[in-house]
Each structure stands twice: as structure tokens, then as C-alpha cells.
Amino acid sequence: MLRYLTAGESHARTLVAILEGMPAGLKINPLKINHELRRRQQGVGRGKRMQIEKDKAQIISGLKGSVTLGSPIAILIENKDFSIERLGTVKFARPGHADLAGALKYGFKDIRCVLERASARETAARVGIGAICKMLLKEFKIRIISRSVSIGAESKKAAILKKVREARNKKDTLGGIFEVIAKGVPVGLGSYVSADRRLDAKLTQSIMSIPGIKAVGIGMGFACADKFGSQVHDAIYYSKAKGFYRKTNNAGGIEGGVSNGENIIIRACMKPISTLLNPLDSVNINSKKPAKATVERSDICAVESAGVIAESAVAFVLAEALLDKFGSDALIDIKNNYQNYLKRIC
Ligand code: EPS
């Protein structure tokens with residue numbers, strides 16, 4: 001079983017992630033983890049915090065030299081802005097954030113106790129986990145990429161930059177749509193036999209868990225609702241050179257909860273960032289008197305970062321499904337099992 005847990009608050013000393021279930025014998029390149037962390041910090045519309053932080057992963061357990069032992073891998077990422085004890089009390093819940101529901105649920109009088117953990121800063125730890133999962137997938141020639149499809153309904157770079165400038169000037173924020181593509185995924189990851197083993201369900205859950213995500217679709221997604229079946233389903237062909245293949249990929253690489261050998265294509269919508277410099281109406285959670293929402297330092301837009309985080313989410317789910325199918329202790333055994341399987345299904 002592959003599983004992970006993260007800990008850490010946005011302005012606490014460190015973020016921590018523990019990944020358990022990685023097989024023994026995988027070479028880890030820490031530079032690649034830091035490369036992914038850097039990618040997460042970039043993109044149009046990011047705020048001042050990203051100029052402060054230079055996220056770097058320290059792997060403190062689970063390796064001998066640079067090779068995995070099969071034991072839990074612990075990653076630390078230090079926060080340069082380690083100011084949690086000095087930051088002021090927050091009383092005016094920001095619409096769109098976990099502020100109000102979180103304070104009521106846990107009985108806090110200070111919303112900072114909610115927002116420190118609810119912050120998307122936590123996703124740096126997930127990207128550390130995802131980077132290691134990507135290294136495992138690379139051994140099987142599986143690659144995951146992402147791109148922004150649109151930001152604020154604009155899809156061309158110049159128009160996006162203009163829209164983000166406009167949002168910044170208006171003290172507003174923007175969301176958008178991004179796409180994640182997993183290439184080289186073999187047929188047969190996930191399963192139709194039980195609800196909790198369906199690959200599409202696991203992938204959408206993992207992407208939906210990224211802060212700000214409001215919708216996730218696979219392949220044609222919502223658009224297939226308007227079409228005839230003959231315009232949606234991907235006809236099946238076979239050739240000696242290619243094996244079973246399709247000429248279209250409206251299914252987005254998954255049929256019946258199982259990968260079908262085509263690229264896995266996922267699109268997700270991120271809502272505009274909830275912290276507005278020109279705040280919406282809110283209420284003091286203690287006195288219950290009307291007030292404007294608190295303004296905290298934040299981003300204008302984080303769609304490109306969300307795409308990078310979603311790559312990590314997909315990498316974790318595919319790594320889990322791969323280990324589930326081909327074994328999970330020693331990388332060499334998993335590779336042998338994988339090659340035997342490929343021979344059988346060709
Ligand atoms: C983020 C760190 C945060 C925010 C942002 C993402 O840092 P700070 O709150 O200190 O500016 O920039 O958090 C949110 C979008 C959020 O919802 O809280 C990061 O590391 O990505």
C-alpha cells in the first residue's frame with residue numbers, strides 16, 4: 001500500500017511529508033524534487049510569499065545513499081517566513097476560504113488557527129511526494145505533464161497577462177482551467193470490480209483535494225453530455241506493431257475505471273483565489289457584527305501552480321495503482337512483473 005501524510009502550517013517552522021510504500025531500490029535525485037518545488041512556485045499571478053520562499057526538500061529518512069530502502073521516506077521543507085507566533089488575530093472570515101466553517105467546526109476565536117493549515121502552502125509537501133512518485137513512474141516510462149488551458153476565460157499568453165494585470169489593478173483575483181496528461185500508462189491500472197479501486201474516481205478525488213478546485217473532468221468531460229454515443233466512444237483497432245489502439249481519445253485514457261493504454265487526460269477548474277484585496281462583506285466571528293473580510297497577503301491567480309500540484313496528485317495515484325498491480329517491495333521484481341504482463345497482453 002502506498003500512502004502519505006503531510007504536516008505543517010503556512011508560517012510554521014517546516015512542512016513535513018512522509019511517504020510509505022515506495023519499493024526498495026529506487027534511485028532518488030533530490031535535484032529533481034527541488035525542480036518540481038520551484039515549478040510550483042512559479043506562474044502568472046503569484047504573490048509576494050513566492051518571492052520570500054525558496055522551497056528545498058531535505059530527505060531525512062528512507063534512503064541509504066540515494067537509494068530507497070522500502071521504509072517510510074520523510075521530507076522536510078523549511079518555511080523562510082516562520083512567523084506563526086507573531087502574526088495577528090484574524091476575526092473577519094474571508095468568503096471562499098475555510099475560515100468560517102473551520103472556526104465554527106473547531107471552536108476557534110482566531111481564524112488564523114484555521115487558515116494556517118488550510119493554506120495552499122501545504123501543497124509544497126505534496127509536490128515533494130509527487131516528485132518521488134514521478135521518479136518511480138519514469139522507471140516504467142510513464143510521464144506526467146500539465147498546461148494551463150485558460151485563465152479568466154483567456155487562452156493566449158498576452159491576453160492572460162493582460163487579464164491578470166486587470167485583476168491586480170482592480171484588487172481582484174482570477175481562476176481558470178488546467179490540463180494534466182499522463183503518457184505511457186499501461187492498460188489495466190485501477191479496476192472496475194469495486195468502487196474504491198476505480199482509477200478515475202481516485203484521480204478526480206486527488207485533484208479535487210487541491211485547494212480551490214471546483215470541478216474535474218476526464219477526457220471529454222462535461223462536453224460528452226451533449227453528444228450521441230457514436231460521437232463519444234473511441235473505436236477499437238489492432239495492428240501487430242501497435243497492439244490494440246484508438247484513433248480518438250474522448251475517454252481520456254480510462255474506461256470502466258481502468259486505464260486503457262491511451263494518454264490519461266484530466267481537466268480541472270480552479271476558482272479565483274478567495275483572498276480579495278478589495279474584500280467582500282463578512283462578519284466578525286466573535287461579535288457577529290458586519291465587517292469587511294480580512295485581507296491577508298495572497299496571490300492574484302495560482303492556476304499554473306495548481307497544474308503542477310495536480311501532476312503530483314496524478315503521480316501519486318498512478319504510482320499507487322502501478323504498485324497495486326505489479327507488486328510493491330523490490331523495484332527489480334516489479335519491473336520483471338511489468339515486462340511479463342506487457343508480453344502477455346500484446
Ligand atoms: C502559498 C503560500 C501562501 C499563499 C497561498 C499559497 O502564503 P502567504 O499566505 O504567506 O502569502 O501565498 O495560499 C493560498 C492561496 C491560500 O489559499 O491560503 C503557497 O506556498 O503556495
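When a ligand or atom number is given, it counts from 1 through the structure's own listing order.
Electrostatic pairing of Lys91 and Asp110 does not count as a salt bridge here, judged by no charged N lying under 4.0 Å from a carboxylate O. Between Asp81 and Arg121, no side-chain nitrogen of the basic residue sits less than 4.0 Å from a carboxylate oxygen of the acidic one, so the salt-bridge criterion is not met. Ion pair Glu166/Lys163 not flagged as a salt bridge, since none of the NZ, NE, NH1 or NH2 atoms sits closer than 4.0 Å to an Asp/Glu carboxylate oxygen. Salt-bridge annotation for Glu53 and Arg40: absent, with no side-chain N of the basic residue lying under 4.0 Å from a carboxylate O of the acidic one. Salt-bridge annotation for Glu179 and Arg267: present, with a side-chain N of the basic residue lying under 4.0 Å from a carboxylate O of the acidic one.
Nearest non-hydrogen protein atom to atom 12 (O) of ligand 1 is Asp299 OD2, 3.5 Å. Nearest protein neighbour of atom 20 (O) of ligand 1, counting heavy atoms only, is Arg40 NH2, 2.8 Å. Annotation: atom 13 (O) of ligand 1 to nearest protein heavy atom, Ser119 OG, 3.5 Å. Protein heavy atom at the shortest distance from atom 16 (C) of ligand 1 is Ala120 N, 3.5 Å.
Not a single N or O atom of Thr123, backbone or side chain, sits closer than 3.5 Å to an N or O atom of ligand 1.
Taking a cut-off of under 4.0 Å to the non-hydrogen atoms of Arg297, the atoms of ligand 1 that pass are 8 (P), 9 (O), 10 (O), 11 (O).
Comparing heavy-atom distances from atom 6 (C) of ligand 1 across Arg49, Arg46, Arg117, Glu116 singles out Arg46 as nearest.
Open room surrounds CZ on Phe244; 12 or fewer heavy atoms of other groups in view lie less than 6.0 Å from it.
Applying the side-chain contact (heavy atoms from CB on, under 4.5 Å) test between Ile264 and each of Ile181, Leu199, Ile144 identifies Leu199 as the sole match. Looking at Arg143, Lys32, Glu311 one by one, the single match for side-chain contact (heavy atoms from CB on, under 4.5 Å) with Lys134 turns out to be Glu311.
Using a 4.0 angstrom heavy-atom cutoff, Glu53 does not count as in contact with ligand 1. Ligand 1 has His97 within reach: a non-hydrogen atom of the residue lies less than 4.0 Å from it.
When heavy-atom distances to ligand 1 are checked against a 4.0 Å cut-off, His11 comes that close only through its side chain, counted from C-beta outward. Of all the heavy atoms of Gln41, none lies under 4.0 Å from any atom of ligand 1, so neither backbone nor side chain is involved.
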